[in-house]
2 protein chains.
Amino acid sequence: MDHSTTRLAVSTVIFALRPEDGGTPSLWTPFVLRTRQPHLDQWALPGGWLPDGEDLDAAAARTLAETTGLHPSFLEQLYTFGRVDRSPTERVVSVAYTALVRSDEVERAAPGENVRWFRADALPRLAFDHNAIVDYAVQRLRTKVEYAHIAHTFLGQTFTLSQLRSVHEAILGHALDAANFRRSVATSPDLIETGEVLTGTPHRPPKLFRYRTAESSRS
Amino acid sequence: MDHSTTRLAVSTVIFALRPEDGGTPSLWTPFVLRTRQPHLDQWALPGGWLPDGEDLDAAAARTLAETTGLHPSFLEQLYTFGRVDRSPTERVVSVAYTALVRSDEVERAAPGENVRWFRADALPRLAFDHNAIVDYAVQRLRTKVEYAHIAHTFLGQTFTLSQLRSVHEAILGHALDAANFRRSVATSPDLIETGEVLTGTPHRPPKLFRYRTAESSRS
DNA sequence: ACAAAAGTGTTGCCGATACACCCATGC
DNA sequence: GCATGGGTGTATCGGCAACACTTTTGT
């Protein structure tokens with residue numbers, strides 16, 4: 001049997017929220033400096049080749065940990081990019097993933113020499129078709145945050161509704177009415193009041209919430 | 001450079017509407033009888049290996065035409081299935097596609113010796129993980145038909161609103177209010193009245209509509 | 001007391017549903 | 001003219017955006 005020369009890769013668009021200098025947080029994503037041709041010295045999505053014995057999800061999780069040191073709280077397949085001409089030197093089909101990581105995760109992780117974060121809405125020219133991949137990921141994240149409960153994966157186990165709203169605002173790129181936002185998320189039975197409040201704020205202490213997980217809903 | 005043994009395939013879930021014996025139409029999908037191991041003599045999705053020089057979309061269109069003789073009016077990537085154990089003999093990553101074909105297309109196409117159609121909601125045990133793939137495709141089709149204008153791709157260039165409604169009903173699996181359905185699709189500026197009516201019906205002749213395409217909207 | 005964020009109440013609008021009703025054609 | 005599907009009108013309901021208002025804390 002003759003072999004195909006097409007190679008299979010996995011790439012991940014990682015999103016984190018980083019507070020603008022003293023202001024409201026915004027979406028950032030990390031890239032890795034390429035140390036080889038093609039596209040030497042350009043920024044590229046974290047990723048790598050798919051090993052024969054590894055599931056796609058596992059490969060995405062592993063390669064993103066290896067290159068950035070991060071452990072995502074959310075990881076899902078985005079789309080598979082396979083145009084013949086997307087790499088100038090060989091045929092590469094890339095299964096792209098979207099990952100969300102908590103801000104404290106980003107602080108804790110080793111920065112990595114060749115890793116750099118950019119604002120998702122102000123990217124440099126990336127290697128291959130990675131600009132298109134990131135744009136598509138941003139678009140999907142925007143639509144998905146409005147109907148799926150994923151925003152809290154940017155936060156800790158417990159969070160205030162202001163924090164959750166601020167996540168939505170950063171993703172959508174515009175402000176939301178605090179009162180209506182509260183009601184819209186409160187419709188979900190999976191949003192649970194912990195009974196505790198966050199102290200140390202200069203004003204009225206907000207209640208802390210958490211999302212019901214598979215584990216927390218056992219029996 | 002040592003080669004990976006992982007192989008890349010493309011598979012397509014093809015949907016068409018077929019009138020139940022004298023009744024309302026329902027969703028059907030064609031499968032191909034496997035003539036080799038593994039899963040010899042089981043039904044499998046139309047598809048094939050991805051050639052080195054062919055785009056994913058093109059490979060999906062070509063393989064589905066080769067096996068079933070069909071030419072879809074709609075084709076889009078669904079999801080990539082890559083679990084290590086999804087094939088018992090070798091590692092295969094499959095990029096799955098969804099295709100919609102018009103009923104008259106199905107009539108016209110050569111049936112194919114090893115091709116058989118099944119109701120999408122009453123499938124036999126298929127080869128590999130193809131049952132899961134079809135189920136996922138049905139689920140996605142149901143949600144997508146409610147917000148995207150894709151139902152008309154099951155019909156001809158022009159169609160009555162009853163026909164379009166009947167497509168929605170077949171996909172969703174339940175009846176819709178004719179009056180409200182009419183209004184809900186009429187909100188789209190892309191739905192255009194042709195000015196003609198369909199004659200030969202036993203009752204009041206319905207108006208014929210078409211959807212504005214990229215070509216029909218040129219200046 | 002005051003500022004500011006947390007949280008509640010109220011109103012108006014808009015889209016979707018339910019369903020009554022009229023229209024046009026073949027028979 | 002009558003049966004039948006095509007097509008229109010309309011009342012009601014529920015969700016959501018806007019925004020006024022009350023509550024609770026730190027300073």
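Hydrogens, waters and symmetry mates are skipped; everything else that's a heavy atom, side chains included, is used. Protein chains get the first letters and strands the later ones, always in sequence-line order, with residue 1 at the start of each. Bear in mind the structure is a predicted one, so any value in this text is a computation, not a measurement.
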d([atom1], [X]; [atom2], [N]) in whole Å:
X: A/K207; N: C/dT8; atom1: NZ; atom2: C1'; value: 11 Å
X: A/E146; N: D/dA17; atom1: CD; atom2: C1'; value: 14 Å
X: A/R183; N: D/dA17; atom1: CZ; atom2: P; value: 10 Å
X: B/Q163; N: D/dG7; atom1: CD; atom2: C1'; value: 16 Å
X: A/R182; N: D/dA17; atom1: CZ; atom2: P; value: 16 Å
X: B/F159; N: D/dG6; atom1: CZ; atom2: C1'; value: 16 Å
X: B/L161; N: C/dC23; atom1: CG; atom2: P; value: 19 Å
X: A/F181; N: C/dA6; atom1: CZ; atom2: C1'; value: 14 Å

(request) Name the nucleic acid region contacted by B/A179, choosing base, sugar-phosphate or nothing; use a 4.0 angstrom heavy-atom cut-off, strictly under. (result) base
(request) Pick base, sugar-phosphate or nothing for B/T160, based on heavy-atom distances below 4.0 Å to the nucleic acid. (result) nothing
(message) Does atom CD (A/E66) have a neighbourhood of more than 12 heavy atoms from anything else shown, all under 6.0 Å?
(response) yes
(request) Please work out whether the ring planes of B/F31 and B/F118 are parallel, tilted or perpendicular, with thresholds of 30° and 60°. (result)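 Taking B/F118 first and then B/F31, their aromatic rings sit tilted (interplane angle of 30° to 60°).
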(request) Quick one: sort the B/Y79 and B/F81 rings into parallel, tilted or perpendicular, breaks at 30° and 60°. (result)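 It falls in the perpendicular class, over 60°.
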(request) Name the residue closer to the 5' end of DNA chain C, choosing between B/D177 and B/S184 according to the nucleotide with the nearest heavy atom. (result) B/S184
(message) Among B/L45, B/L75, B/T68, exactly one meets side-chain contact (heavy atoms from CB on, under 4.5 Å) together with B/T12. Which residue is that?
(response)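 For B/T12, the side-chain contact (heavy atoms from CB on, under 4.5 Å) check succeeds only for B/L75.
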(request) May I ask you to verify if any side-chain N or O of B/S162 is less than 4.0 angstrom from the OP1 or OP2 atom of D/dG6? (result)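 B/S162 to D/dG6 OP1/OP2: side-chain N or O found under 4.0 Å.
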(message) Tell me the closest heavy-atom pair linking B/W117 and B/V101, and the distance in Å.
(response) CH2-CG2, 4.5 Å
(message) Between the base of C/dA5 and the side chain of A/R204, is one N or O donor paired with an acceptor at under 3.5 angstrom?
(response)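 By the distance-only test, no, there is no pair.
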(message) Quick check on DNA chain D: between B/A178 and A/P205, whose nearest nucleotide comes earlier from the 5' end?
(response)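 Going by which nucleotide is closer to the 5' end, it is B/A178.
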